[in-house]
Amino acid sequence: MTHTAAAPDTGLRSAVHAWVDGWARARGTEAPQAVPGGFRIEVRRPGHLARHVLPEAEPAVLRDLVDTLTTPGLWIKACAPREVVEPLLTADWEISEPQYLMTTDRLAASRSGAGLPSGYRLEIVDEGGEVFEARVHAVGGPGAGGGARAGAGSCSGTGAGSGGAERPGPVLAASGRAALTTGAPGSSPAPYAPSVVFDMIGTEPAHQRRGLGRAVMAALAGRAVERGARQGVLVASPDGRALYEAMGWRLRSPVTAAGRMG
């Protein structure tokens, strides 16, 4: 059976545009470039040299990319389900787990009702006004001194690597980044509402199911609203999708990501 991808509405195209702009700022890459069918971002990292982001899975565009992107480490992200994208790929491409483009126009609501449990503290680190990061640390309680990212990213001077019987220092338990795309000082006009893109939202396994991810999102949303953002945009994992839907986010499109293998 042949699948035909319907043309996305203008709102979806705008959401994709906002997402690529904010993702590039959050990751510190070059700005996205408009290319036939979508956008290209030069990432320049091992295993992820560049990515093409497509608001829809146009067969002609996808076939051309598959034919011309021959270097391992190049990626395609198309706003379409796997069953639409996969038949247009060759065996040289590997599809990763499902992803979901989501938006909200209720950022002010997202910043409320997300307090931290005892034993944790949250800070926001500002990186020049348009990019900021929320970090939740476990402070001296159970789990401090453990976890895959113990000691990494802690802003305090007490590391978790000191020996002996000293009280363990703060341990990064959850974090996330956000980037403003319009509405911030120095931003150039863009064809979408002033937006904030959320990125790399994560909680360490030892600290999950305690509301830390929601607290990170609320803190980032609060800062973004203060700086003029009216729309939130992100691409979620399957687990993240459930959290964001519970917070009132709207699913705009499934996203299929495929990487060119060696």
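None of these values were measured; they are calculated from a predicted model.
Separating the CZ atom in R223 from the CD atom in E133 is a distance of 12.5 Å, to the nearest 0.5 Å. Q33 contributes atom CD, which lies 8.5 Å from atom CD of E42 (distance to the nearest 0.5 angstrom). One distance of note links CD of E56 with OG of S253; it measures 10.0 Å at 0.5 Å rounding. Rounding to the nearest 0.5 angstrom, the gap separating the CG atom in L54 from the OG1 atom in T256 is 10.5 Å. With values rounded to the nearest 0.5 angstrom, L172 atom CG is found 9.5 Å from T203 atom OG1. To the nearest 0.5 angstrom, M217 atom CE is 7.0 Å from L243 atom CG.
Between R230 and D105 there is no salt bridge, since no side-chain nitrogen of the basic residue lies less than 4.0 Å from a carboxylate oxygen of the acidic one. Salt-bridge annotation for D126 and R227: present, with a side-chain N of the basic residue lying under 4.0 Å from a carboxylate O of the acidic one.
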> After noting the C-alpha distance and the side-chain angles of L234 and D199, does the key distance pass the side-chain contact (heavy atoms from CB on, under 4.5 Å) rule?
Replying inline: CA-CA 7 Å; L234 57 77; D199 188 40; over 6 Å; no

> Could you walk me through whether Y192 and D21 pass the side-chain contact (heavy atoms from CB on, under 4.5 Å) check?
Replying inline: CA-CA 11 Å; Y192 47 77; D21 283 352; 2.5 Å; yes

> salt bridge (Lys or Arg N to Asp or Glu O under 4.0 Å) between R250 and E245: does it pass, once the steps are laid out?
Replying inline: CA-CA 7 Å; R250 173 188 174 194; E245 286 183 331; over 6 Å; no

>> Using side-chain contact (heavy atoms from CB on, under 4.5 Å), reason through I76 and R51 one step at a time and then give a plain yes or no.
In response: CA-CA 6 Å; I76 296 171; R51 59 167 54 185; over 6 Å; no

>> Applying side-chain contact (heavy atoms from CB on, under 4.5 Å) to L101 and V16, what does each step give before you reach the verdict?
In response: CA-CA 8 Å; L101 178 68; V16 171; 3.7 Å; yes

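Remark: side-chain polar atoms of R241 are not paired, donor with acceptor, to backbone N or O of Y100 under 3.5 angstrom. Side chain of S175 to backbone of A134: no donor-acceptor contact under 3.5 angstrom is found. For R177 (side chain) and A26 (main-chain N/O), a donor-acceptor pair under 3.5 Å exists by modelled atom type. No donor-acceptor pair closer than 3.5 Å links the side chain of S195 to the backbone N or O of G232.
Contact between V216 and G176 at its shortest, heavy atoms only, is CG1-N, 3.7 Å. Between A80 and V85 the shortest heavy-atom distance is CB-CG2, 4.0 Å. Contact record, W93 with L65: CZ2-O, 4.3 Å, taken as the closest heavy-atom pair. The shortest non-hydrogen separation linking L212 to P117 is CD2-CD, 3.9 Å. Closest non-hydrogen pair, P98 versus P238, comes out as O-CD, 3.2 Å. Across all their heavy atoms, G37 and E58 have their closest contact at CA-OE2, 3.9 Å.
A continuous path of hydrophobic side-chain contacts links F132 to L122 [ILVMFWY only; heavy atoms under 4.5 Å]. Transitive grouping of hydrophobic side chains (ILVMFWY, heavy atoms separated by less than 4.5 Å) keeps L89 and M261 in distinct clusters.
Using the six-membered ring where Trp is involved, F198 and W249 have ring planes that are perpendicular, over 60° apart on the 30 and 60° scheme.
Listed by chain and number, the residues in a side chain to side chain contact (heavy atoms under 4.5 Å, CB included) with L88 are P59, L62, R63 (sequence neighbours excluded). Residues that satisfy the ring pair (Phe, Tyr, Trp, His ring centres under 6.0 Å) test with F39, not counting sequence neighbours, are H17. The side chain to side chain contact (heavy atoms under 4.5 Å, CB included) search around A257 returns W75, K77, S96, Q99, not counting sequence neighbours.
Taking the side chain as every heavy atom from C-beta outward, D64 and P36 never approach each other to under 4.5 Å. Between T104 and Q231, every side-chain heavy-atom pair lies at or beyond the 4.5 Å cut-off. Within the 4.5 Å cutoff, the side chain of L49 has no heavy atoms near those of the V43 side chain. Using a 4.5 Å cut-off on side-chain heavy atoms (C-beta onward), H52 and V35 make contact. Two residues are said to be in side-chain contact when any heavy atoms from C-beta on lie closer than 4.5 Å; P32 and W23 fail this criterion.
Within a 6.0 Å sphere centred on CD of E94, heavy atoms belonging to other residues, nucleotides or ligands number 12 at most.
Of the N and O atoms on the side chains of Y120 and R210, at least one donor lies less than 3.5 Å from an acceptor on the other residue.
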